[in-house]
Every structure is written in C-alpha cells, then in structure tokens.
Amino acid sequence: MEARRRHIRSPPAGEPLKPPNPNLNHDPHSYLTNALFFTLFFSVAYFLLHRWREKIRTSTPLHLVTLSEIAAILSLIASFIYLMAFFGITFILHPFLNSRSSPDDDLDLHISKPHDLPLSPPPPPLTHHDDRDLVLAVVSGSIPSYSLESRLGDCRRAAAIRREAIERLSGRSLQGLPLEGLDYDSILGQCCEMPIGFVQIPVGVAGPLLLDGNEYTIPMATTEGCLVASTNRGCKAIHLSGGASSMILRDAMTRAPVVRFGSAKRASQLKFFLEDPLNFDSLAVVFNKSSRFARLQDIKAAIAGKNLYIRFSCTTGDAMGMNMVSKGVQNVLNFLQSDYPDMDVIGISGNFCSDKKAAAVNWIEGRGKSVVCEAVIKEEVVKKVLKTSVEALVELNMLKNLTGSAMAGALGGFNAHASNIVSAVYMATGQDPAQNVESSNCITMLESVNHGKDLHISVTMPSIEVGTVGGGTQLASQSACLNLLGVKGASKESPGANSRLLATIVAGSVLAGELSLMSAISAGQLVNSHMKYNRSSKDISQVVS
C-alpha cells in the first residue's frame, strides 16, 4: 500500500478527476497475457463459426454440441470477460469518477503511459536534408532509393534526387529525359515506382470516325510516321460511305488459378462440381461479394494430370478488371477449401486466363470485350479516296490476311496491322500496353457486295481488354484523351457502358486502319507513303554532334 500511495497525488484545485489508465499494470507479463487471451478469443470464435457453418450446411441442429464445442464456448466467454475487464474498465469507471465531487475522494490515479516501442521503427524523415547530401546517401546505399518518396514527402523532389544518383552511379547522362511537367504524386503507388522522369510520345488524332451514328475523334500515341495519317484516311472513307456499326458480343474478364490434388480422379471431381449448372448460383454469390460490379458469368475447367486449371469469367463494370476478378476467384477458392481440404492452391493465375500472352483460349473463348465492327464502302470511295478497286482488295485480303497468315501459323493474327492501332489508342488512353498482345487478336474480312460494286469490310476482335477507371486512365494526359472520346471515368447511368463504348471505338479505329493499309498495299503506295511520312528530313550528322 505504501508503494502504491507514492504514485498517488492530490489534484490541484479545480482540476477534473482523471480516470484510471487501463494500461497501469502493463508489464511484460501483462502483454503476454493479453496476447494469449486475444489469440484464444479469435481462435475459438473462428472454430465455432466454422462448426456452425458446417451444421447449417448439413442441416444439423445448432443446439447439439460436442465436448470440443462446449470447451470452445467456455473459452470464448472466459476470454471475453477478461478482455472486457482489462480494456473496458476505463469506460465503466469514467462516468462514476467524473461524478464524484468530494475533496477527500478526489484522487488523481493517472499515470503517464509509457511510450510504446514499435517492432520496426519507421526511418526518420529527410525533409531538412540538403539534396546534395541525399544524392550521396543514395549513391552510397545508406538511403534506399525506393524510400525517397515516403521519407521526403515530396514525389517530385524524390524523382530529381534519384535521377542525379542514377547519373552518378551509371556515369551516363540522362539529358533529354524530361523531369518537369509530370505530376509525380499522381503515379505514386499506382502507375510507376522509382521514377526519374517521363518519356514523351506524340499524340495525333484521326477522324472523325462515324461509328453507330456518332462521330469520334481518335487520339493515337505513336512514334511511327504514317500511322495516324493512314488511319485518318480510313476514317474518311468510312464516313463518306455512311459510317460503321459495331456490336459487343461478350463482356467477360478472366482469371484462371491452378490447383493440385493427390490424384487425377480427385481433380476431376472438382471439375464436375464447378461445371455443374446446379452449383453455379451458390458459387456466383461467393464470387460476387468481391465487388459491387463483379458478376460471375462462366466457369470452365481443364485438367492436366492431377492439376486443375479453373477459368472464371466475369463482368467488371468500367474497370479493366484484373484485380476485381482475382479477388472474386480468391473468395471461391476459400469457399471450396472447406469441401476440398486436400486442394492445394498452387497459384492464383495458372496462365489458362490467359493474360498478356498469345493464347488460343482468348482467340476462341474471348477475354475482356468481344467486338465485331463492319462497314460497306462505296465503289466510288474505294476508287477516289483509297485509289484501288473492290476486286483487288478482296483478292489481297484472301491471299494476305487469310492464306498468308495461315501459312505463317498465325494465332489470332489474320489482319494487316491491328496491333498498330490498338497500341496507339491504348497508350493515349492509359490502358495496359502489354495487353496489346491479346487485344490485337483480329480477323479482317473483305468481300464484294451489291453485285460486286461495293466493299463489305469487317473486323472481329474477341479479346479487347480496356477500362475507363483505374491504372493509367487517371493520369492527366490519358484522362484528357478519354474525355475527348466521351468515355472518361465510370458511367453512372449504366456501369460498364464507358468501357464497352471504348472497346467499340478501338474496333472501329482498327477497321479504319485495316481499310487504309490494305488499300495502300493494293495500290502499291506503301513504300512511297512511308518514305514520305516515316523518314526524318533532319541532318543526322548534326543531330549526333
């Protein structure tokens, strides 16, 4: 008692009484006790929830409990009482102590809380350090380059310091790589790590493209001369012929985890379960919890020995949706684990999706937005604008895009240069440029119509992967290009409408590009046009010096 009284003092007159600190006895033993009861509380709670879930699924009455469940319930009550007694005492005593007014009872039991020692203290900020000293620290390795943004609190300054450190470490100049003009805060934790500048890519416009009754000016980011001019000519031919029309055939992003069992028979059992239509609704409920936009559409599974590849397809609103579908897949895997405890999840992606790789599954089944776009080009437009004939174009397409691509063993490459247009529009609008691989899957078809007078042209693209929210779409330049097309951000009226419209615009732009390039090849203009638009007129010796 004497030892305790030395820690008690009377408060000055008029000072309100402070409640006792619940951390009064926080010695190492109390920390261990708290950790023990926390662990016990959550462990038994998880155990009981799991058991009740099993009873509900097997129609077992909840009031029938086993000895282990009784022990778990008692442990849960005991740990709850302890935690409430330890951490809830302040809230229980606070109103009572504040209501006391007798001078004889006004005792200040407050003891200052010792400073908590973090397990891994954060590094000190660098805001008051000189830039030259920071560059030397990065060069020496005493300050990690990746930590500059968080420790400086200034993303632009971090990029400048990192840039100079790279020049010193490499012994090479970065002159010509711009530093100013980019909002480095906008890319932090979203688009690029450890930036030292940005690369300038010119953005041109083609159009207007008359598609489904509306006109669109197409932004194209490219360093290839003649590409924008050629696409622009294709847009002109389409516009003069009454425009193009498009149709979304499917909208479904995919993710395919790979799981392993002890036997092929066991893997087959899960395959049959997943592909059974009677089980789809329950799996969809679990999957769709990942997002208010994710909606499971289809599940297909393929077996390789005792390994099972499960391809989930779902809509993702206006986002491209890779993260969204991955979360949904993880939900389903967790759900299946209770019924298939022997299922070993090897990877959330098993390449049966298939993302950023040429794959027949995307060509056949589709991924992202599947779009077909068509137009009928009038005979006089073919002759006057495209400088060729309907017959010559049909023959060239058959021998080049169809037969020639088949001879080459092409996979989804039955076109002239769809990837050129896809890449340019993707770079301008903030899409993932690596997804050009499967997004450029395209078959171009040309045939004569109206008794051989006019030209029917179509492009069928089964795997256009685009979004209007997330990733690079939020950067200022890319956002401006999306705004030019009228598809910036998420559609409030109809979720997913903006991304679907963007996919049709991509297909329409490819249609224009295919029409123009095929015409240039047919008319023998390809070499001359590239010599005119794709070669620099500058004196190279002066540029080098």
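None of these values were measured; they are calculated from a predicted model.
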Between Ile348 and Leu333, does a side chain to side chain contact (heavy atoms under 4.5 Å, CB included) hold up when you go through it step by step? CA-CA 9 Å; Ile348 190 69; Leu333 292 177; 4.0 Å; yes
If you define the side chain from C-beta out and look only at heavy atoms, does anything of [X] sit under 4.5 Å from [Y]?
X      : Y      : value
Met247 : Leu249 : yes
Ser494 : Arg500 : yes
Phe280 : Leu296 : yes
Lys357 : Glu438 : no
Ser499 : Val487 : no
Leu240 : Lys378 : no
Val382 : Thr388 : yes

[atom1]-[atom2] distance between [X] and [Y], expressed to the nearest 0.5 angstrom:
X      : Y      : atom1 : atom2 : result
His239 : Asn232 : NE2   : CG    : 11.5 Å
Lys300 : Ile310 : NZ    : CD1   : 15.0 Å
Asp251 : Ser370 : CG    : OG    : 8.5 Å
Cys235 : Leu211 : SG    : CG    : 10.0 Å
Ile218 : Leu209 : CD1   : CG    : 5.0 Å
Leu517 : Ile421 : CG    : CD1   : 8.0 Å

Starting from the C-alpha separation in whole Å, work towards a yes-or-no answer on side chain to side chain contact (heavy atoms under 4.5 Å, CB included) for Val422 and Gln431. CA-CA 10 Å; Val422 171; Gln431 310 305 311; over 6 Å; no
Test your reading of the model: is there a side-chain donor-acceptor pair from [X] to the backbone of [Y], 3.5 Å cut-off?
X      : Y      : answer
Arg172 : Leu169 : no
Glu167 : Leu174 : yes
Ser439 : Gln435 : yes
Gln337 : Met343 : yes
Lys271 : Ala301 : yes
Ser405 : Gly413 : yes
Thr254 : Cys353 : yes
Glu465 : Met320 : no
Asn401 : Ala416 : yes
Asp318 : Gly489 : no

Salt bridge between Arg162 and Glu149, side-chain N to carboxylate O under 4.0 Å?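 A salt bridge links Arg162 with Glu149.
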Salt bridge present between Arg311 and Glu365 (N-O < 4.0 angstrom): no
How far apart are the closest heavy atoms of [X] and [Y], and which atoms are they?
X      : Y      : result
Arg163 : Pro178 : NH1-O, 3.9 Å
Ala358 : Val437 : N-CG1, 3.4 Å
Leu210 : Ile238 : O-CG2, 4.0 Å
Leu179 : Tyr184 : O-OH, 2.6 Å
Tyr216 : Ile505 : CD2-CD1, 3.7 Å
Gly471 : Gln190 : O-NE2, 3.2 Å

Could you give me the CA-CA distance, side-chain angles and deciding distance for Leu227 and His417, then say whether side chain to side chain contact (heavy atoms under 4.5 Å, CB included) is met? CA-CA 10 Å; Leu227 178 61; His417 70 150; 3.9 Å; yes
For Ser354 and Asn362: C-alpha separation, side-chain torsions, deciding distance, then whether side chain to side chain donor-acceptor pair (under 3.5 Å) applies. CA-CA 7 Å; Ser354 173; Asn362 292 335; 4.7 Å; no
Counting heavy atoms not belonging to [X], are there more than 12 under 6.0 Å from its [atom1]?
X      : atom1 : result
Glu395 : CD    : no
Glu193 : CD    : no
Asn323 : CG    : no

Worked verdict on Leu393 versus Asn397 for side chain to side chain contact (heavy atoms under 4.5 Å, CB included): CA-CA 6 Å; Leu393 283 172; Asn397 185 71; over 6 Å; no
State whether a side-chain donor-acceptor pair under 3.5 Å links [X] with [Y].
X      : Y      : value
Asn498 : Ser491 : no
Ser230 : Ser516 : yes
Ser463 : Asn441 : yes

Go through Asn331 and Ser290 one step at a time and tell me if the side chain to side chain donor-acceptor pair (under 3.5 Å) criterion holds. CA-CA 7 Å; Asn331 287 350; Ser290 62; 4.7 Å; no
Just to verify, what does Asp342 make a side chain to side chain contact (heavy atoms under 4.5 Å, CB included) with, not counting sequence neighbours?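 Listed in chain order: Phe261, Arg266, Tyr340.
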Where does the angle between the aromatic ring planes of Phe352 and Tyr309 fall among parallel (under 30°), tilted (30 to 60°) and perpendicular (over 60°)? perpendicular
